[in-house]
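Lettering of chains follows the sequences in order, A, B, ..., and the numbering in each one begins at 1. Quantities reported herein were computed from a predicted structural model and do not represent experimental measurements.
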Amino acid sequence: MNNIALIIKQELIDMFAVDHDVQLTRPDVQFGDYATNIALQVAKPLGKNPREVAEALADKLRQADEFTEVSVAGPGFINLRVSAKSLMSELEGQWSDTFGENTDGAGKAVVVEYPSPNMAKPYSVGHLRPGNQGWAVKRLMEATGWTVITDNHLGDYGAPFGVWVTGFLKLSSDGALQQDGVYELGRVYIATKKALKEEKERGEATLANEVQQWLLKLEQGDEQAKAFSERFNQISLEHIHGVMTRLKISTDYELGEAFFVPQGKAAVARLLETGTAVQNEDGSIIVPLDDYGFDVPLLVQKSNGAALYATSDLATILYREEHWHPDKVIYCVGGEQQFYFTQLFAMAKKLGITTDLYHLWFGVIDQRNDDGTREKMSSRKGVVLMEELLDKAEARARSIVEGRDISEEDIQKIALGAIKFSDFSADRRTNILFDWDSIFALTGFSGPYIQYASVRVNKILNDNVDTEPAIVGDYDYEPEKAILAKILDYPAVVTLAADSIEPHKIATYLFELARDMNRYYETTPVATGDVSPVQQQARLGVLRKVSHIFTHGLSLLGIEVPSRM
RNA sequence: GCACCCGUAGCUCAGUGGAUUAGAGCAUCUGUCUUCGGAACAGAGGGUCGGCGGUUCGAAUCCGUCCGGGUGUACCA
């Protein structure tokens, strides 16, 4: 709680013997710098008129040195104005190299799981959100003091494997695989899924049985199946690493489903012994969840004895408990799986696991149909591949800087800034519309807008390295007032974004700071024209803080600041 | 059927632990252009916050209900 809130809190105690935390909001500038509705909150229990409480409080606050103006509006809002200089001294009191961070999570460990792609297909924009948001969550948790363990739960097992082998033997060749790698895998996978669907519509199951046979063979340790599995996973893993490197995301571990299946089947056997799980007549094994409000049990083993998603996820939970002892586990997975995760978490609770398991879900990525309606992106309609997206974004950025001396590294940062920021432009639960123009947005509410503001600030700082930025006592800081107030908001924004796990709040904040900065840039010279040495030192001191926040905030979103753009 | 999510300007979205006159970007129109780099800035038009009812001094925000859309609903992940 900052100084202003503390002053008001103390006055409430002195005047009304009420001990109540004071929330400050930032109203429209015409009303003031800060506002509070505390009078409306305390009036009722006191049995007083809120307007009168506000007036009395305002009279008292007017006597304090901290405020240049105190007014009461409406039913009892108190609007406060402070001097820019006092904002600067407040900021100076709070400032450190880790400004914005806190230690709320100290001593606690969190596992963050992302991007967990399906290895049967090339990395598509379908995994943009789990990757981006997962990385942002990791960074936010780190910034709030947590010990973070990241794990890429690779989809290297299950039905996709069977689909792929079945399809490969019918549709592909060693030569094609060697030439096109993961793209050939994807082609075969999609074609085979289509054939499976058509077969099912005809009421047949020849291909489907073949898929299941390959799965069983793999679980039984069949040499040929293992060879196929290793071959296809290796090709896919190299591809995934390549894309993640370009996205500048990584994880500490890559414990995929294949790693957990043997442990999962053993765990299911134990659950069967203890009666937690029950076996159906057809051989399938379920964990009933009636006690937890589910009319659908969780299937943990198929009737043919094969493992499935829940089998490896069960083992994954147990493994993490045993080896990592997390306080919290965050699964960054699409919203389509909400029901499944509530079941999975219910099972964990049934097993006595008390760790906070959290499904961080995202809305789907839509594409626009010709008739204007929206529909989830699907392989049927044609997914956009991540490498294609990155290539096009870089080409767009490159064409804009054409003729100027901008490094390839900076071009990549700008392209990535545009792509990632667009994912943070809305709440993660919102279905986002995939649109080539908005995902590459370089103006307005976009990553490059913030990068641009940041580059301009850094340019000024770099051009004036000989002038030591300083906090200057006889400077009024009036032109910098909006920026100073905005900087003071940063720690609360980080706390809110981390607590609610809503990284887009960081994006919104950074845009507002960048806008304030750009306005300032247009109106106030820092190191040019008739700027006095005192003004120059003071303004450079503010810009240095702005630069720090841009770099820090963008890094929470996995975005870097280019050196030039 | 049931569960979860969504419905705010032409389009894409913020804002929803109630609170002063509902915000931004894009698009449209009008300005700034010998500059600390215009990927910028200033301004204009554009919204009965899906409908109805309720709670409240006060509702985009909370509750109920209806309409519309999305995603799920055990042998996919």
_Duplex segments of RNA chain B, taken as runs of at least three Watson-Crick or G-U pairs that stay under 3.5 Å_ = B:1-7 with B:67-73, B:10-13 with B:23-26, B:28-32 with B:40-44, B:50-54 with B:62-66
*State which residues pass ring-ring contact (aromatic ring centres under 6.0 Å, His included) with A:Phe345; sequence neighbours excluded, sorted by chain then number.*
A:Tyr331, A:Phe341
_So for A:Asn79 and B:rU20, does any side-chain atom that can act as donor or acceptor lie under 3.5 Å from a complementary atom in the base?_
yes
*Is any side-chain heavy atom of A:Ser236 closer than 4.5 Å to a side-chain heavy atom of A:Ile240?*
yes
*Verify salt bridge (Lys or Arg N to Asp or Glu O under 4.0 Å) between A:Glu522 and A:Arg519, making sure each step is shown before the conclusion.*
CA-CA 5 Å; A:Glu522 296 286 333; A:Arg519 284 172 179 164; over 6 Å; no
*From the list B:rG17, B:rG72, B:rA19, which nucleotide is the closest neighbour of the side chain of A:Leu40?*
B:rA19
*B:rA77, B:rU71, B:rA74: which one has an atom nearest the side-chain heavy atoms of A:Tyr340?*
B:rA77
*Between B:rA22 and B:rC29, how far apart are the C1' atoms? Round to whole Å, please.*
24 Å
*For A:Glu69, check salt bridge (Lys or Arg N to Asp or Glu O under 4.0 Å) against everything at least two apart and list the hits.*
A:Arg81
_Spacing between A:Arg429 atom CZ and B:rC5 atom P, to the nearest angstrom_ = 9 Å
*asked:* I want to check one thing: is the phosphate of B:rA3, taken as OP1 and OP2, less than 4.0 Å away from some side-chain N or O of A:Gln337?
replied: no
_Partners meeting salt bridge (Lys or Arg N to Asp or Glu O under 4.0 Å) with A:Asp405 (sequence neighbours left out)_ = A:Arg564
*What distance, rounded to whole Å, do you find between the two C1' atoms, one in B:rU8 and one in B:rU61?*
12 Å
*Round to a whole Å and report the spacing from CG of A:Leu289 to C1' of B:rU73.*
14 Å
Scan the side chains in residues 293-308 of chain A for donor-acceptor partners under 3.5 Å anywhere in the protein, sequence neighbours excluded, and list what turns up.
| from | atom 1 | to | atom 2 | distance (Å) |
| --- | --- | --- | --- | --- |
| A:Lys302 | NZ | A:Gln212 | OE1 | 3.4 |
| A:Asn304 | OD1 | A:Ala306 | N | 2.9 |
| A:Asn304 | ND2 | A:Gln212 | OE1 | 3.1 |

*On a whole-Å scale, what distance lies between the P atoms belonging to B:rG10 and B:rG50?*
13 Å
*Could you tell me which residues satisfy ring-ring contact (aromatic ring centres under 6.0 Å, His included) with A:Tyr490, sequence neighbours excluded, listed by chain and number?*
A:Tyr509, A:His552
_Applying a 4.0 Å non-hydrogen cut-off, can you work out what A:Ala35 is touching in the nucleic acid: base, sugar-phosphate, or nothing?_
base
_Against A:Trp164, only a single residue in A:Tyr189, A:Tyr157, A:Trp214, A:Phe232 fulfils ring pair (Phe, Tyr, Trp, His ring centres under 6.0 Å); can you say which?_
A:Phe232
*What nucleotide, of B:rG17, B:rU20, B:rC76, holds the atom closest to the side chain of A:Phe31?*
B:rU20
*Which whole number of Å gives the distance between the P atom of B:rG25 and that of B:rA14?*
16 Å
With the criterion being N/O to N/O and under 3.5 Å, what pairs connect the protein with nucleotides 12-16 of chain B, and how long is each?
| from | atom 1 | to | atom 2 | distance (Å) |
| --- | --- | --- | --- | --- |
| B:rU12 | OP1 | A:Arg368 | NH1 | 3.4 |
| B:rC13 | OP1 | A:Arg374 | NH1 | 3.4 |
| B:rC13 | OP1 | A:Arg374 | NH2 | 3.0 |
| B:rC13 | OP1 | A:Asn431 | O | 2.8 |
| B:rC13 | OP1 | A:Leu433 | N | 3.4 |
| B:rC13 | OP2 | A:Arg374 | NH1 | 3.1 |
| B:rC13 | O2' | A:Ser425 | O | 3.0 |
| B:rA14 | OP1 | A:Asp427 | N | 2.6 |
| B:rA14 | OP1 | A:Thr430 | OG1 | 2.6 |
| B:rG15 | OP1 | A:His504 | NE2 | 3.2 |
| B:rG15 | OP1 | A:Lys505 | NZ | 3.4 |

*asked:* For the P atoms, the ones on B:rG38 and on B:rU34, what distance do you get once it is rounded to whole angstrom?
replied: 11 Å
_A:Phe31: partners by ring-ring contact (aromatic ring centres under 6.0 Å, His included), with sequence neighbours left out_ = none
*Given side chains that start at C-beta, do those of A:Ser547 and A:Leu461 come closer than 4.5 Å, heavy atoms only?*
yes
*Does anything in residues 24-38 of chain A pair up under salt bridge (Lys or Arg N to Asp or Glu O under 4.0 Å), and if so which pairs, sequence neighbours excluded?*
A:Arg26-A:Asp489, A:Asp33-A:Lys481
*A:Gly155 near the nucleic acid: base, sugar-phosphate alone, or nothing, with a heavy-atom cut-off under 4.0 Å?*
nothing
_Nearest-Å distance once atom P is located in both B:rG23 and B:rC36_ = 34 Å
_Pairs involving residues 410-422 of chain A, ordered by first then second residue, that meet salt bridge (Lys or Arg N to Asp or Glu O under 4.0 Å) (sequence neighbours left out)_ = A:Glu409-A:Lys413
_Atom-to-atom span, CG of A:Leu344 to P of B:rA77 - whole angstrom_ = 14 Å
*Mind checking the P distance from B:rC11 to B:rG72? Whole angstroms is fine.*
26 Å
*Round to a whole Å and report the spacing from CG of A:Asn37 to P of B:rU20.*
10 Å
*Length of the CG-C1' vector between A:Leu298 and B:rA77, whole Å*: 13 Å
*Distance-only donor-acceptor test (3.5 Å): side chain A:Asp282, base B:rC75*: yes
*Would you kindly give the CD-to-P distance between A:Gln343 and B:rC75, to the nearest whole Å?*
10 Å
*asked:* Using a heavy-atom cut-off of 4.0 Å across all strands, would you classify A:Asn304 as base, sugar-phosphate, or nothing?
replied: nothing
*Inter-nucleotide P distance (B:rC41, B:rA77), Å rounded*: 49 Å
*Have a look at A:Pro160 and say if it touches a base, only the backbone sugar-phosphate, or nothing, with a 4.0 Å heavy-atom cut-off.*
sugar-phosphate
*Can you give one letter per nucleotide of nucleotides 33-41 of chain B, going 5' to 3': B for a protein heavy atom under 4.0 Å from the base, S for sugar-phosphate only, - for none?*
---BBSBBS
*asked:* Tell me the interatomic distance from A:Trp361, atom CH2, to B:rA77, atom P, rounded to whole angstroms.
replied: 23 Å
*asked:* Before you tell me yes or no, could you show the steps for A:Arg51 and A:Glu55 under salt bridge (Lys or Arg N to Asp or Glu O under 4.0 Å), namely the whole-Å CA-CA distance, both residues' side-chain angles and the distance that decides it to 0.1 Å?
replied: CA-CA 6 Å; A:Arg51 178 88 201 188; A:Glu55 294 285 5; 3.1 Å; yes
*Using heavy atoms to find the nearest nucleotide of RNA chain B for A:Thr36 and A:Ile286 separately, return the residue whose nucleotide is more 5′.*
A:Thr36
_Euclidean distance, atom CZ of residue A:Phe339 to atom C1' of B:rA3 [Å, nearest integer]_ = 8 Å
*Scan A:Gln212 against the nucleic acid and name what it touches under 4.0 Å (heavy atoms): base, sugar-phosphate only, or nothing.*
sugar-phosphate
_All pairs passing ring pair (Phe, Tyr, Trp, His ring centres under 6.0 Å) where residues 523-544 of chain A contributes a residue, at least two apart_ = none
*Using heavy atoms to find the nearest nucleotide of RNA chain B for A:Ala310 and A:Asp28 separately, return the residue whose nucleotide is more 5′.*
A:Asp28
